[in-house]
Participant: 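Input: one structure, supplied below.
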Amino acid sequence: MTLKELQPQLLALSPEEKTQAIQFLAQSLTNFWAGIQKTPGVCGGDACIRQTRIPVWVLVNARRLGISESELLEDYPTLRAADLANAWAYAEAYPDEIETAIQENEDD
């Protein structure tokens with residue numbers, strides 16, 4: 001898809017969605033994901049919520065299984081809504097990484 005093809009869709013976004021799109025693009029340029037970190041030796045080096053051992057793939061898989069965001073926040077009291085938003089954005093940017101992690105951990 002070209003930028004010219006994408007332009008009508010971008011213009012149709014709400015102001016909030018445009019802000020999110022800009023943030024997403026800026027993050028993808030810097031490879032910095034606020035609230036997401038990878039630490040060698042922690043959870044196999046998988047992307048985790050900052051200062052936790054909660055991998056992004058676990059949250060994505062839970063969401064696929066029908067667990068709501070409110071249930072995730074209840075199940076993981078250290079998480080904030082912003083952490084989930086960061087996790088979803090990271091998962092959208094790196095779907096292959098997340099899918100591989102889910103598959104590898106389902107085999108265990």
Participant: Side chains of Glu71 and Ser68: any donor to acceptor distance under 3.5 Å?
Facilitator: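 Glu71 and Ser68 do have a side-chain donor-acceptor pair below 3.5 Å.
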Participant: Could you check if a side-chain atom of Val58 sits within less than 4.5 angstrom of a side-chain atom of Ile102, using non-hydrogen atoms only?
Facilitator: no
Participant: Between Arg64 and Glu106, does a salt bridge (Lys or Arg N to Asp or Glu O under 4.0 Å) hold up when you go through it step by step?
Facilitator: CA-CA 13 Å; Arg64 287 182 186 174; Glu106 282 183 350; over 6 Å; no
Participant: Lys38 versus Glu97: any side-chain heavy-atom pair under 4.5 Å?
Facilitator: yes
Participant: Can you list the residues that meet the side-chain contact (heavy atoms from CB on, under 4.5 Å) rule with Gln51, with sequence neighbours excluded?
Facilitator: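 Only Gln37 meet the side-chain contact (heavy atoms from CB on, under 4.5 Å) criterion with Gln51.
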Participant: Between Gln7 and Thr2, is any pair of side-chain heavy atoms under 4.5 Å apart?
Facilitator: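 The answer is no, as the side chains (C-beta and beyond) never meet within the 4.5 Å cut-off.
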Participant: Once rounded to the nearest 0.5 Å, what's the spacing between atom CD of Gln20 and atom CG of Leu13?
Facilitator: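 Gln20 CD to Leu13 CG: 9.0 Å, rounded to 0.5 Å.
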Participant: With ring pair (Phe, Tyr, Trp, His ring centres under 6.0 Å) as the rule and sequence neighbours excluded, what pairs involving residues 57-93 come up?
Facilitator: Trp33-Tyr90, Tyr90-Tyr94
Participant: For a 4.5 angstrom cut-off between non-hydrogen side-chain atoms, does Val56 reach Asp46?
Facilitator: no
Participant: Can you tell me how far the CD atom of Glu69 sits from the CG atom of Leu79, to the nearest 0.5 Å?
Facilitator: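 If we round to the nearest 0.5 Å, Glu69:CD and Leu79:CG are 10.5 Å apart.
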Participant: Within a strict 4.5 Å, meaning less than it, do heavy atoms of the Thr19 and Ile22 side chains meet?
Facilitator: no
Participant: Can you give me the closest heavy-atom contact between Gly35 and Asn86, atom names plus distance?
Facilitator: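 Between these two residues, the closest heavy atoms are CA-ND2, 4.0 Å.
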Participant: Just how far is it from atom CD of Gln9 to atom CD of Glu17, taken to the nearest 0.5 Å?
Facilitator: 11.5 Å
Participant: Within this structure, what is the CD-CD1 distance for the pair Glu74 and Ile67, rounded to the nearest 0.5 Å?
Facilitator: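 It comes to 11.5 Å.
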Participant: Does Asp83 reach the side chain of Leu73, with side-chain heavy atoms less than 4.5 Å apart?
Facilitator: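 Not touching, per the 4.5 Å side-chain cut-off.
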Participant: Using 0.5 Å steps for rounding, measure from the CD atom of Gln103 to the CG atom of Asn61.
Facilitator: 9.0 Å
Participant: Would you check if Leu59 and Ile49 make a side-chain contact, meaning some heavy-atom pair closer than 4.5 Å?
Facilitator: yes
Participant: Quick check: do Arg53 and Val42 have side-chain heavy atoms less than 4.5 Å from each other?
Facilitator: yes
